[in-house]
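Input: a single structure, listed below in structure tokens.
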There are 2 protein chains.
Amino acid sequence: MNAAIGKQRGRNGSASLSHSQQDYLKQIFLLSATSRGATTQLLADRIGVRPASVTGMLKKLAEEGLVERAPYRAVHLTETGRRIAVELVRHHRLLEAFLSRTLGYRWDEVHEEAEALEHVISERFEQKVAELLAHPDRDPHGDPIPTRELALEEDQHLTALALLPKGSQGTIRRVTLQDQDALNLVEKLDLLPGTAIEVAGTHPDGISLLVAGSRFLVPSLLAAHLLVDHAPPPSSAQPETREGTGRPVAHEQ
Amino acid sequence: MNAAIGKQRGRNGSASLSHSQQDYLKQIFLLSATSRGATTQLLADRIGVRPASVTGMLKKLAEEGLVERAPYRAVHLTETGRRIAVELVRHHRLLEAFLSRTLGYRWDEVHEEAEALEHVISERFEQKVAELLAHPDRDPHGDPIPTRELALEEDQHLTALALLPKGSQGTIRRVTLQDQDALNLVEKLDLLPGTAIEVAGTHPDGISLLVAGSRFLVPSLLAAHLLVDHAPPPSSAQPETREGTGRPVAHEQ
DNA sequence: GAGATCCATTAGGAAAGGCTAACTTTTTAA
DNA sequence: TTAAAAAGTTAGCCTTTCCTAATGGATCTC
Ligand SMILES: [Mn+2]
Ligand SMILES: [Mn+2]
Ligand SMILES: [Mn+2]
Ligand SMILES: [Mn+2]
């Protein structure tokens, strides 16, 4: 049922995709969900190559029918390309859950290892791990794990903490960061997924937050990456949302 | 304590080794334990490339101080090269044990997956898996797993079934095959590691074997790859060993 | 609406790792 | 002991993926 990414011959008759090509597809997928879309520059940043290299690779992927491209424009995945990308996201997030739950990795350690393993595991490995974990639907950062049929539940009702008005209450559900130091900070502040929070007030540099009694400032950088399952402010006349300093940004995976 | 193989900078200051280079070192190590040694031709067969490619790579590895080489001769690992090779063997066999025990792979399925994963897992992954399995000393084929300090117990007292004289009794300890069909045959015949056997007689095409009451012919091809922990024949006057048709051959990993 | 400033693309080239074909050395065996 | 066979090496080439430098578009600002 899964799209083949690895060694097998592809859906048409083409050879397999290189790890590099796989990473391009995955980053295009993740960036496509953002406002800017998958631009050459952003892809270069995420993948760690120069823009010229991105242009070259995108041409190749377009020839192989995995992306659609117009020069000087953001690139889009074809259905084939999307399937491969989502398959990789499934691998990545399943692996993060596995590393965390079964092997006892810390939550800030899982990303890097999953980044390498995602290209290498077989469909059998994917299946066995999914069974071992009883088909989890979230990774340790709260990111949804696509199903085996590659359906990806998108959380419509999650909002970036940075965009919440004063008085909002809710629960942190996703942390879209992957930098180890940033993740450690989140943990130090007890802002892991599942934590109940209340917005005590806004602030030029972030959000003032009430968590388990204590009250402190969450910097914008962080607040943009904490996605909250929120109820509107209990009884105030605050606007439903406001334009924040930072918008949520998809994180690398 | 472990030699770094992966992404890290190497022992001197050199960059990391490619997966390809790692495979060469591992196969040189495994072939060095055989009578023919690590020749260009055998390496080409094992690695799946042409002999010309092997010559080219061996030159590169020699320049990097990982092998010592004389043209037209079998190649040898330096101490540095050996450490990297043994580290890979540890990864491979630990992974086989993990796939078999934790993920429930069949014993004929573990090799291929481990072949890909061995290059990609971190030292952390290695350590966590070793802990999870309580530091196993054998993989599912009975192959010894090098310790974290890279000590590799070699089983001096194991003999290929093909070389045993009539009347010998013993226990199968290792199965040095990796072909799936061959492994399935071994399983069908109940010749897994741990099985007690007795040599009922020799035969031009193999060995006649007594296993759990039944008696059947084990073809030479197989008998050369079944390593037995044996006692000499109980009270007969048979010679201790004999020259068999096939000698034991290290298997790929 | 015209620069200035990004952003994207092109051209040319390098490194890694494979290949084929031709040639040399070693080994085998008549 | 010598000729044929097998094994190993060399030379030249190809593909993949990256790079730098230069060029060509898009966009923002005044
Ligand atoms: Mn990756
Ligand atoms: Mn994640
Ligand atoms: Mn390998
Ligand atoms: Mn094994």
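In what follows, chains carry the letters A, B, and so on, assigned in the order in which the sequence lines appear, proteins first and then strands, with residues in each chain numbered from 1.
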Stepwise, does the side-chain contact (heavy atoms from CB on, under 4.5 Å) test hold for Arg148(B) with Gln127(B)? CA-CA 8 Å; Arg148(B) 206 160 123 63; Gln127(B) 182 63 21; 3.0 Å; yes
Atom of Ala160(A), atom of Leu227(A) and distance for their closest heavy-atom approach: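 In this case the closest contact between Ala160(A) and Leu227(A) is CA-CD1, 4.2 Å.
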Side chain to side chain, [X] and [Y], heavy atoms closer than 4.5 Å:
X	Y	value
Leu58(B)	Ile28(B)	yes
Arg83(B)	Leu77(B)	no
Tyr24(B)	Ser18(B)	no

DNA chain D: first to last nucleotide in contact with chain B (atom under 4.0 angstrom from a heavy atom), 5' to 3', is dG8(D) to dT10(D)
Between [atom2] of [N] and [atom1] of [X], the distance in whole Å:
X	N	atom1	atom2	result
Arg73(B)	dT26(C)	CZ	P	6 Å
Leu58(A)	dT10(C)	CG	C1'	15 Å
Gln41(A)	dT5(C)	CD	P	17 Å
Tyr72(B)	dT26(C)	OH	C1'	9 Å

Salt bridge (charged side-chain N to carboxylate O under 4.0 Å, His left out) involving Glu109(B) - partner list, sequence neighbours excluded: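 So Glu109(B) forms a salt bridge (charged side-chain N to carboxylate O under 4.0 Å, His left out) with Arg124(A), Arg106(B).
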For nucleotides 17-19 of chain C, which of its nitrogen or oxygen atoms have a protein nitrogen or oxygen under 3.5 Å away, and what is each distance?
residue, atom, partner, partner atom, Å
dG17(C), OP1, Ser18(B), OG, 2.5
dG18(C), OP1, Ser20(B), OG, 2.8
dG18(C), OP2, Tyr24(B), OH, 3.3
dC19(C), OP2, Arg50(B), N, 2.8
dC19(C), OP2, Ser53(B), OG, 2.7

Taking the six-membered ring for Trp, are His111(A) and His141(A) ring centroids under 6.0 Å apart? no
